[in-house]
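Labels below follow one simple rule: chain letters A, B, ... track the order of the sequence lines, proteins then strands, and each chain is numbered from 1.
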Number of protein chains: 2
Amino acid sequence: PKSRFSTAEATVILRENGKMREKTLTMDTLNPQVKAVEYAVRGPIVTKAGDIERGLQQGQKHPFTEVIKANIGDSHAMGQKPITFLRQVVALCSFPELLNSPSFPEDAKQRARRILQGCGGQSLGSYSASQGVDCIRQDVAVYIEQRDKGVPADWDNIYLTTGASDGIVSILKMLVSGQGRSRSGVMIPIPQYPLYSAAISELEAVQINYYLDEDNCWALDINELHRAYQAAKEHCHPRVICIINPGNPTGQVQSRKCIEEVLHFAYEENLFVMSDEVYQDNVYSPDLQFHSFKKVLYEMGPEYFNTVELASFHSTSKGYSGECGFRGGYMEVLNLDLEVKAQLVKLLSVRLCPPVSGQAAMDVIVNPPLPHEPSYLQFHKEKSAVLGALAEKAQMTEQTLNTVPGIKCNPVQGAMYAFPRIFIPPRAVEEAKSLGMSPDMMYCLRLLEETGICLVPGSGFGQREGTYHFRMTILPTTEKLKVLLEKLRDFHIKFLKEYASLEEPKR
Amino acid sequence: PKSRFSTAEATVILRENGKMREKTLTMDTLNPQVKAVEYAVRGPIVTKAGDIERGLQQGQKHPFTEVIKANIGDSHAMGQKPITFLRQVVALCSFPELLNSPSFPEDAKQRARRILQGCGGQSLGSYSASQGVDCIRQDVAVYIEQRDKGVPADWDNIYLTTGASDGIVSILKMLVSGQGRSRSGVMIPIPQYPLYSAAISELEAVQINYYLDEDNCWALDINELHRAYQAAKEHCHPRVICIINPGNPTGQVQSRKCIEEVLHFAYEENLFVMSDEVYQDNVYSPDLQFHSFKKVLYEMGPEYFNTVELASFHSTSKGYSGECGFRGGYMEVLNLDLEVKAQLVKLLSVRLCPPVSGQAAMDVIVNPPLPHEPSYLQFHKEKSAVLGALAEKAQMTEQTLNTVPGIKCNPVQGAMYAFPRIFIPPRAVEEAKSLGMSPDMMYCLRLLEETGICLVPGSGFGQREGTYHFRMTILPTTEKLKVLLEKLRDFHIKFLKEYASLEEPKR
């Protein structure tokens, strides 16, 4: 090959050759593991909702005037206001000259000074250590100890992350190995949050479904765990069990007894436990409470607490703060082999560090104003307002949905979602299949086109064969949620009627 | 298996069985691709530096009073002050009540308002679209057009990222496929920034080394590209070429002619081009300038500009802002197949979005104050001060290192690093080998232990067999850098003397 040439010459030579340049990266040459990934929460229906929204802005006519997005747990986008104290601390950290401003409260300044002390050059603009800023990890450990009524937490086991997703993917990545029948199997609930299935696809691990019990408020059934495990053992090596508590998309809050059963099962079968607890502050039923997997493990005794490998995850994105955009989070990892721990830190170090402003936001969540501090009253008021409104909307959603014929909704005990079962008439099912889409996808698409409501089909989360669902968030404002639920009811009745009448002639 | 049990029973049963629980995740069962990852910039030497630093704080005695970290491009940690305007905008976005404060300039407020308009619920706490906030992507496109003197940029091709690393890994992930001899090969420069080798290991792609020409200021030699490509074709399918310009760790700035040659080569051989341009603002030699790969591609004519697949990367972490902790960045991707583009967006959507405050920081870098705006003078002064100091330190580093016998340093034309070649006496090489470490690792470890200076051995970046180097940043303050260079010189002379005298008896 020539090593020197002029542009003109080169072009001419190529054209004379008649050689066409092919694309290097096409659907045929794309990484097949990337191709296999699916992520319904931001899938085609959401793209379509965006298109319609832009159309409306440009004056296009639709049978509605706005798109209501109830597809994703994005609180602030749905109108929730940030917690003042959290934003004060982040602003102070971002622009430390504000530490001299009398308009910021002393407790916010104290938090900001502490965080900046922990940053290289006292700047949010420095890389933190790969595991996160030391003092924030220490605050996380103190928070966990308090939450778990004194169960010890070592900040050496705390890793700050870029949202919970980053932590979950990192741990899964460590756990995938083997080929064929010894390939790592990952047990996940069905329905699940599709980050799990997406990560499993990308890592070419084996997905092992255990079905949650819809007839029992979506509770985890230990017998179903055993069934799934035994069946999977035939073709892979089950190594991990993932739990989402409170549940996404189910909204279910696990009982202490259930958690103990899961941990005993994991102990017996040598499974690594991944406990996704990002909704730990989102429990609405007054007779239920959040139990952390770690606390239960501790109470089962040292035989369990000193052996079972457990990673649990939290985030700034949910709870009462809803700070998704900051991409803050942490994980606590128990009983990790020491050499493996060094490998985990090495793996994390390649991405350098989680965003430091997200780490600062996480710090506020684990270290909020105390009763004697100046920001306490306002903080407490804002927090209670958010959680109170969510509890009200959770109940309203369940109740309204259950008045609709052909919709059955379990109580929304926690998290931010309802995952009701919907009856789809056989003719509608046939029609969807002839269109090459899942029936609940067709349902949600028509709902979007006719009402402007954007939900995610149950097929994106997994469901028992022949059942259909959708996931909707309870995040729109109370007023908007009422409108949404009314429109949804009208649509559903019309939908049933349409396909019922289509079926009449067949009978 | 029993589905009900009490804790006490379970423990007793297990103990009677004498069954020991094994760890699920050990070095034997760890994902081998994770094990294969290496990342020297945060490797063992940096861990050791941290240990020594903590020791010093606790009163341990060392032959020095402070650790000087010149191992990582972390400007603020080394004392560089943030750009005021950037931090004002981020603080305004974080706590919008400040928009009413008279102490913030109008141009900063205008930027913040525009960014918040682009966020869901006008909050930094909402998820952005997977590709990033629309108006920030638009600002990036305008910036690129101006930088490249009118070469068109379409914001549809702009993806905001979590630092440049995130974008680089995402693109590589797309490009890896095939097995055995058809496995994707990725051409990378040697020496390289170890993110590339780490990602290639993790993705099990084939690393194809092309050696930069140390005798020619670390320039890329097109003949060496051909050599590496032809050799690699025997055992893999070369699909990508990665370029770092200005170079990390070399500090070299590529000539326009060289870039044209690389692009012609990529065109001919159907390679995807990844151009890491995070140091585009860091060019110090007055007779050199940064040329973007995109601009050169455009000037080569439509035959090239409309066909070659090119991804180029930028970041908030380097340049004059040095905002590493915000994890902001963008990539521009040209000529990507449309279906593949949808797959890329899907892949990115699983991680939801890049940190929105990092996106805001990126916006300021591409949309800084204009001459008529109130913040212009201060911004310009701060920017020039940072870049002026870096230019001075680049020269000082090269000149001082070249006064040391046994050290040879190419000009630090750009970026933030010197990568000098060091002579290590044969007896020292033998000693290192007997200790099972690379000779430059031993050198850097001893340097750290004896002087407190933390550098990264050349072996972490790759180098020609039998040559030894280290990478040092030029980021310490001028005063501290002088101390560092003096200590380094004394150490090196002592090191040479020690091993030379050890060799005397052999002669």
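Taken to the nearest 0.5 Å, the OG atom of B/Ser317 stands 9.0 Å off from the CG atom of B/Asp74. Distance check, rounded to the nearest 0.5 Å: CE of B/Met300 to CD of B/Glu260 gives 4.5 Å. Between atom NZ of residue B/Lys23 and atom CZ of residue A/Phe272 there is a gap of 9.5 Å, rounded to the nearest 0.5 Å. Distance check, rounded to the nearest 0.5 Å: OG of B/Ser103 to CG of B/Leu98 gives 7.5 Å. In this structure, A/Ile72 CD1 and A/Leu475 CG are separated by 10.0 Å, a value rounded to the nearest 0.5 Å. Within the model, atoms OG1 of B/Thr29 and CE of A/Met174 stand 9.0 Å from one another, a figure rounded to the nearest 0.5 Å.
Your options are A/Val169, A/Asp221, A/Leu195, A/Thr307, and the one with the most heavy-atom pairs under 4.5 Å with chain B is A/Thr307. In terms of heavy-atom pairs under 4.5 angstrom with chain B, the leader among A/Met78, A/His237, A/Glu309 is A/Glu309. Per-residue heavy-atom pair counts under 4.5 Å with chain A were compared for B/Gly178, B/Gly328, B/Gly120, and the maximum is reached by B/Gly120. Note: B/Ser177 leads B/Ser177, B/Ser321, B/Gly79 in heavy-atom pairs under 4.5 Å with chain A. Ranked by non-hydrogen atom pairs under 4.5 Å with chain B, the options A/Pro96, A/Gly50, A/Ser75, A/Ser130 are led by A/Ser130. Considering only heavy-atom pairs separated by less than 4.5 Å from chain B, the leading option among A/Glu38, A/Gln359, A/His76 is A/His76. Annotation: maximal heavy-atom pairing with chain A below 4.5 Å, among B/Thr47, B/Val308, B/Leu86, occurs at B/Val308. Comparing B/Thr26, B/Leu203, B/Val34, B/Val356 by heavy-atom pairs within less than 4.5 Å of chain A, the highest count is held by B/Val34. Ranking B/Leu338, B/Leu271, B/Val345 against chain A, the residue ahead of the rest is B/Leu271, based on heavy-atom pairs under 4.5 Å. Of the listed residues A/Lys81, A/Gln80, A/Gln88, the one with more heavy-atom pairs under 4.5 angstrom with chain B than any other is A/Gln88. Ranked by heavy-atom pairs shorter than 4.5 Å toward chain B, the options A/Leu352, A/Leu347, A/Val350, A/Asp337 are led by A/Leu352. Looking only at heavy-atom pairs under 4.5 Å with chain A, the residue among B/Val176, B/Leu25, B/Val90 that has the most is B/Leu25.
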Show your working on side chain to side chain donor-acceptor pair (under 3.5 Å) between B/Tyr304 and B/Glu299 and close with a plain yes or no. CA-CA 9 Å; B/Tyr304 291 83; B/Glu299 290 165 353; over 6 Å; no
Trace of the side-chain contact (heavy atoms from CB on, under 4.5 Å) decision for B/Ile241 with B/Leu225: CA-CA 9 Å; B/Ile241 176 165; B/Leu225 272 195; 3.6 Å; yes
What verdict does the side-chain contact (heavy atoms from CB on, under 4.5 Å) test give for A/Glu339 and A/Gln343, after you've listed the backbone C-alpha separation in whole Å, the side-chain angles of each residue and the deciding distance to 0.1 Å? CA-CA 6 Å; A/Glu339 279 180 278; A/Gln343 293 285 318; 5.7 Å; no
Using the rule given for side-chain contact (heavy atoms from CB on, under 4.5 Å), can you reason through A/Cys353 versus B/Arg327, listing the C-alpha separation, both sets of side-chain angles and the distance that settles it, and then say yes or no? CA-CA 8 Å; A/Cys353 70; B/Arg327 313 305 303 120; 4.0 Å; yes
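In this structure, A/His226 and A/Phe265 have perpendicular ring planes: the angle between them is above 60°, well past the 30° mark.
For a residue to count as touching a neighbouring chain, one of its non-hydrogen atoms must lie under 4.5 Å from one of that chain's; by this rule B/Cys93 touches chain A with the backbone only. For a residue to count as touching a neighbouring chain, one of its non-hydrogen atoms must lie under 4.5 Å from one of that chain's; by this rule A/Val46 does not touch chain B. For B/Ala342, no part lies near chain A; criterion is any non-hydrogen pair under 4.5 Å. In this structure, the portion of A/Pro82 lying under 4.5 Å from any heavy atom of chain B is its side chain and not its backbone. For chain A, no part of B/Val240 is nearby; none of its heavy atoms comes within less than 4.5 Å. Neither the backbone nor the side chain of B/Leu344 comes within less than 4.5 Å of any heavy atom in chain A. Looking at A/Ala361, there are no atoms closer than 4.5 Å to chain B (heavy atoms on both sides), in backbone or side chain. If you measure heavy-atom distances from B/Leu30 to chain A, the contacts under 4.5 Å come from both the backbone and the side chain. Both the backbone and the side chain of B/Asn335 have a heavy atom closer than 4.5 Å to some heavy atom of chain A. There is no contact between B/Tyr229 and chain A, counting heavy-atom distances below 4.5 Å. For B/Ser101, no part lies near chain A; criterion is any non-hydrogen pair under 4.5 Å. Contacts of B/Lys35 with chain A are made by both backbone and side-chain atoms, with heavy-atom separations under 4.5 Å. If you measure heavy-atom distances from B/Pro354 to chain A, the contacts under 4.5 Å come from the backbone alone.
Using a 4.5 Å heavy-atom cut-off against chain B, the contacting residues of residues 121-128 of chain A are A/Gly121, A/Ser123, A/Leu124, A/Gly125, A/Ser126, A/Tyr127, A/Ser128.
Side-chain contact check for B/Ser357 and A/Ser357: at least one donor-acceptor pair (N or O, by modelled atom type) lies under 3.5 Å. Side-chain contact annotation: B/Ser184 with B/Arg239, donor-acceptor N/O pair under 3.5 Å present.
Between A/Glu224 and A/Arg227, at least one side-chain nitrogen of the basic residue sits less than 4.0 Å from a carboxylate oxygen of the acidic one, meeting the salt-bridge criterion. B/Arg351 and B/Asp166 are joined by a salt bridge, as a carboxylate oxygen and a charged side-chain nitrogen come within less than 4.0 angstrom of each other. Look at A/Glu202 and B/Lys173 and you find a salt bridge, because one of the NZ, NE, NH1 or NH2 atoms lies within 4.0 Å of a carboxylate O, short of that distance. Comment: A/Arg87 engages A/Glu323 in a salt bridge, judged by a side-chain N to carboxylate O separation of less than 4.0 angstrom.
Taking the six-membered ring for Trp and the full ring otherwise, the centers of B/Phe95 and A/Phe104 sit less than 6.0 Å from each other.
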